[in-house]
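To start, the structure under review is shown below, and the notes come after it.
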Amino acid sequence: MVAITLPDGSVRRYDGAITGEKLAVDIGPGLAKAALAIKIGGVMKDLTLPINTDSTVAIVTKKDPDALELLRHDAAHVMAEAVQELFPKTQVTIGPSIENGFYYDFARSEPFSPDDLAKIEAKMREIVDRDEKIVREEWPRHEAIKYFKGIGEDYKAEIIQDLPESEPITVYKQGKWLDLCRGPHLPSTGKLGKAFKLMKLAGAYWRGDSKNAMLQRIYGTAWTDEKQLKDYLTMLEEAEKRDHRRLGKEMDLFHLQEEAQGAVFWHPKGWTVYRSLQMYMRKRLDAAGYVEVNTPMLVDRVLWERSGHWENYRQNMFIAESEERFLAVKPMNCPCHVQIYNQGIKSYRDLPLRMAEFGSCHRNEASGALHGLMRVRAFVQDDAHIFCTEDQIKSETKGFIDLLRTVYADLGFNDVRVLFSDRPPVRAGDDTIWDKAEGALRDATSAAGLETKLNSGDGAFYGPKLDFILRDAIGREWQCGTFQVDFVLPERLGAEYVGEDGAKHRPVMLHRAILGSMERFMGVLIENYAGKFPMWLAPLQVVVATITSDANAYAQDVAKTLQKAGLRVETDLRNEKINYKVREHSLAKVPIIAVVGMKEAEGRSVALRRLGGNSQEILALAEATDRLTVECAMPG
RNA sequence: GCCGACGUAGCUCAGGGGUAGAGCAACUGAUUCGUAAUCAGUAGGUCCGCGGUUCGAUUCCGCGCGUCGGCACCA
């Protein structure tokens with residue numbers, strides 16, 4: 001007797017083993033048709049798997065959110081079959097489901113062309129129409145290796161060889177085609193449906209290692225129905241519209257050019273936003289008890305040797321030479337901050353010392369890594385180092401987390417995730433120090449009530465760290481803030497303080513940034529707001545636009561009044577219709593258009609039109625000035 | 001760095017072995033208008049760079065540079 005418990009709590013009993021397929025038929029013909037897989041004890045399995053022990057199960061249909069993963073994995077298989085039908089000498093390697101879709105990596109001597117994607121997609125639709133049954137088989141390991149080697153699938157043979165002995169070797173057949181796969185899969189290719197689309201071609205290293213061969217990856221997206229597919233494609237279009245590189249050009253914020261790869265030319269408007277952001281940060285840092293410093297960009301190699309950067313990070317440092325001295329352009333500010341700390345004798349009464357710098361750093365990033373503002377070679381960190389005692393780690397960690405949350409909230413980000421990275425394989429400092437550092441950070445985060453996810457082995461070479469990842473308006477994640485506990489650098493660079501006991505002690509250094517890189521954060525802000533900055537950040541806050549040239553003098557008066565109140569204002573006195581002006585400044589994302597015609601001039605008023613709205617508010621000039629001043633005030 | 005695609009006016013893009021094209025923007029003139037494009041005209045090019053093939057290359061081929069999409073990297 002096998003007792004099967006269904007999600008509604010009802011129990012069905014069978015004499016022998018039962019498959020999900022039969023179970024679904026038993027429950028009803030509708031379900032039988034819709035069934036894609038079965039969850040046994042919450043684990044997704046094939047519908048054809050015999051169940052011979054008492055189990056709690058659920059039939060999975062496309063309504064189940066987990067069905068998407070199954071569907072996408074099948075899409076990868078169907079694509080692989082299509083590719084091998086069209087391009088017989090291609091080897092298949094791996095093809096998982098991923099967020100929003102799937103990919104498959106192929107090994108083939110000739111590259112796929114973008115035109116091939118359309119052919120492959122058409123072939124995939126044929127395979128779906130064929131509605132081939134998908135059948136699972138378990139093969140003896142040696143036979144499987146022999147088989148895959150025999151048909152020239154060396155990568156598959158390698159995968160099998162590396163699978164643990166305990167793992168059964170399973171093969172899924174769909175029609176004449178088969179693939180090594182752990183499963184589970186849909187019952188037939190027809191169940192995939194046609195809400196998929198091949199998206200792009202890319203290179204990818206075998207097993208993700210740059211020492212290995214480069215394979216050809218084809219990415220696709222797949223959904224349970226056409227509407228979802230269409231929504232996803234629309235979302236991509238929207239994301240493209242808010243791409244910071246595009247908006248940077250459209251809004252005249254900045255540009256990049258090849259003579260300064262990975263470095264930003266900030267235009268007046270972009271720099272206005274940048275400066276506003278920086279002024280805001282200074283205000284927050286002042287309030288949180290930081291002091292600000294500024295340190296050299298070019299520093300002799302000997303300091304980097306002492307700090308450990310020369311050993312651990314030289315490849316990414318720009319080097320300069322002068323009078324037989326080797327200088328490095330600083331990739332980080334920490335060693336310089338320790339130099340300031342080391343001037344004079346520090347007492348425990350000086351701690352914690354919170355030393356901030358908008359530090360201009362250069363890192364020689366791989367050319368292929370560069371990406372607009374998001375990944376640059378020259379950038380400014382909102383960096384700071386907190387020198388403190390071990391006892392102060394907890395309260396300083398908490399203080400930092402509070403500050404970070406405030407800043408993110410002010411900038412419109414409320415969804416923040418935190419990763420805890422522990423010791424990396426290559427590191428400075430011995431294990432006792434690492435035990436201490438990791439322990440201290442762990443204690444501090446739990447004391448601050450911070451939930452973290454472990455990111456094993458990803459710490460900085462001098463200490464464990466927290467990474468703060470925020471989610472933007474369209475759901476994308478950006479790693480911005482960081483917090484690192486460091487017992488190593490103070491030691492290497494000889495930082496000390498005199499304790500209450502009169503003896504010398506080592507301070508702990510907490511490296512921390514909230515925005516991370518100013519450049520990158522600007523990119524994140526542009527994309528998050530789609531260029532429609534909040535008033536206090538907007539490069540231009542008000543345009544005073546005239547209806548007729550008779551109002552020009554008054555418009556200039558209005559502009560001057562608003563400017564005196566500290567607002568960023570321009571006038572538009574051009575001989576154009578008001579429609580034209582409204583359209584142009586709306587497209588330029590100016591938050592307020594103050595329209596003035598003769599009526600306003602005579603009554604000393606303005607007609608305010610807000611970005612995104614289509615109504616006007618007529619206010620006396622003095623009142624408009626007061627209100628706008630309040631609205632444009634920086635938070636904090 | 002690796003794989004692939006791309007590089008044409010300020011911008012977005014079309015074109016193609018034989019004098020280089022559009023829209024928007026710019027400039028000039030007319031229009032003085034009440035909340036998302038007034039009309040007319042003018043000007044604008046090393047078709048990324050260097051080589052090669054060709055009577056002739058912006059177009060075809062090779063190399064280089066850059067950009068884009070991924071991969072790897074991101075202390």
Side-chain angles (χ1 to χ4, degrees), chain A residues 103 105 108 110-117 199-219 240 243 245-246 249-250 252 255-259 261-262 307-317 331-332 334 361 363-372 374-377 421 424 426-428 458-463 465 467 479 482 484 486 511 516-517 520 545-552 573-588 593-600 607-618:
Chain A
Y103 68 78
D105 285 348
R108 176 173 180 244
E110 296 103 275
F112 291 114
S113 77
D115 294 340
D116 293 336
L117 290 191
M199 303 297 284
K200 55 199 171 195
L201 281 166
Y205 296 107
W206 166 235
R207 298 199 150 164
D209 188 334
S210 60
K211 290 195 272 299
N212 290 341
M214 172 81 43
L215 306 172
Q216 295 185 65
R217 176 172 296 180
I218 303 179
Y219 282 95
E240 207 172 307
D243 186 303
R245 292 165 299 183
R246 175 181 174 143
K249 203 180 275 179
E250 279 175 14
D252 195 19
H255 85 270
L256 301 159
Q257 68 184 51
E258 59 179 279
E259 288 83 356
Q261 255 192 302
S307 70
H309 286 84
W310 193 259
E311 192 186 336
N312 289 287
Y313 199 61
R314 185 171 19 164
Q315 283 172 336
N316 289 304
M317 288 162 73
M332 293 167 87
C334 21
C361 297
R363 297 179 185 178
N364 197 359
E365 304 284 0
S367 59
L370 301 177
H371 179 95
M374 300 304 187
R375 193 75 182 274
V376 288
R377 286 180 176 155
S421 301
V426 179
R427 58 184 179 261
D458 205 38
F461 72 80
Y462 45 72
K465 65 172 180 177
D467 284 319
Q479 197 252 296
T482 187
Q484 308 165 0
D486 181 2
H511 306 239
S517 135
R520 185 178 145 83
T546 50
I547 290 171
T548 96
S549 53
D550 292 335
N552 283 1
L573 308 182
R574 290 175 302 172
N575 178 11
E576 295 289 352
K577 288 186 174 175
I578 193 62
N579 286 309
Y580 181 87
K581 296 184 184 182
V582 165
R583 176 181 156 82
E584 196 161 277
H585 301 301
S586 298
L587 289 174
I593 303 174
V595 176
V596 297
M598 288 321 288
K599 262 193 277 176
E600 288 75 13
L608 298 186
R609 183 193 166 102
R610 282 162 199 280
L611 183 58
N614 50 12
S615 59
Q616 304 108 50
E617 191 179 11
I618 299 180

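Here is how names work: the chains are called A, B, and so on, in the same order as the sequence lines, proteins then strands, and each is numbered from 1.
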ask   = If we call it a pair only when both distances are under 3.5 Å in a Watson-Crick or G-U wobble match, what pairs with B/U59?
value = none
request  = Would you please name every residue forming a side-chain contact (heavy atoms from CB on, under 4.5 Å) with A/Asp209, sequence neighbours left out?
outcome  = A/Lys211, A/Asn212
ask   = Does a distance-only test, which skips hydrogens and angles, find a donor-acceptor pair under 3.5 Å between the side chain of A/Arg207 and the base of B/A72?
value = no
ask   = Atom OH of A/Tyr103 to atom C1' of B/C3: distance rounded to whole Å?
value = 15 Å
task = Tell me, yes or no, whether the heavy-atom count around A/Glu240 atom CD, taken from other residues, nucleotides or ligands under 6.0 Å, exceeds 12.
result = no
message = A/Leu201: which residues meet the side-chain contact (heavy atoms from CB on, under 4.5 Å) condition with it, sequence neighbours left out?
response = A/Phe112, A/Pro114, A/Leu117, A/Ile218
request  = Produce a footprint string for nucleotides 43-51 of chain B: one letter per nucleotide, 5' end first; B if the base is under 4.0 Å from any protein heavy atom, S if only the sugar-phosphate is, - if neither.
outcome  = ---------
remark   = With sequence neighbours left out, the residues meeting ring-ring contact (aromatic ring centres under 6.0 Å, His included) with A/Trp206 are A/Tyr155
note = Applying the 3.5 Å cut-off to both distances, the Watson-Crick or G-U partner of B/G29 turns out to be B/C39
request  = Examine the base of B/G1 for any acceptor or donor lying under 3.5 Å from a partner atom in the side chain of A/Gln315, and report the outcome as yes or no.
outcome  = no
note = When rounded to whole Å, the CD to C1' distance for the pair A/Glu250 and B/C11 reads 9 Å
remark   = In short, A/Glu365 meets A/Arg375 closest at the heavy-atom pair OE1-NH2, 2.9 Å
inquiry  = For nucleotides 64-71 of chain B, give me one character per nucleotide, 5' to 3': B if any protein heavy atom sits under 4.0 Å from the base, S if the only such contacts are to the sugar-phosphate, - if neither.
reply    = -SSSSBBB
query = How far, in whole Å, is B/A57 from B/G49 if one measures between their C1' atoms?
reply = 15 Å
Minimal non-hydrogen separation, A/Leu256 against A/Gly372, with atom names = CD1-CA, 3.8 Å
inquiry  = Using Watson-Crick or G-U wobble geometry with both distances under 3.5 Å, which nucleotide pairs with B/A9?
reply    = none
query = What parts of residues 578-588 of chain A reach RNA chain B, counting only heavy atoms under 4.0 Å away?
reply = A/Ile578, A/Asn579, A/Tyr580, A/Val582, A/Arg583, A/Ser586, A/Leu587
key: Closest to the A/Ala366 side chain, choosing from B/G4, B/U35, B/G1   = B/G1
task = Enter the distance from A/Ile578:CD1 to A/Thr546:OG1 here, rounded to the nearest 0.5 Å.
result = 7.0 Å
Under-3.5 Å donor-acceptor pair between A/Arg375 side chain and B/C73 base = yes
ask   = What is the distance from CG of A/Asn312 to P of B/C74, rounded to the nearest Å?
value = 12 Å
Exceeds 12 heavy-atom contacts within 6.0 angstrom, atom CD of A/Gln315 = no
Nearest-nucleotide pick for A/Val595, side chain only, options being B/C33, B/A5, B/U35 = B/U35
inquiry  = With a 3.5 Å limit on both atom pairs, tell me what B/U19 is paired to, counting Watson-Crick and G-U wobble, or say none.
reply    = none
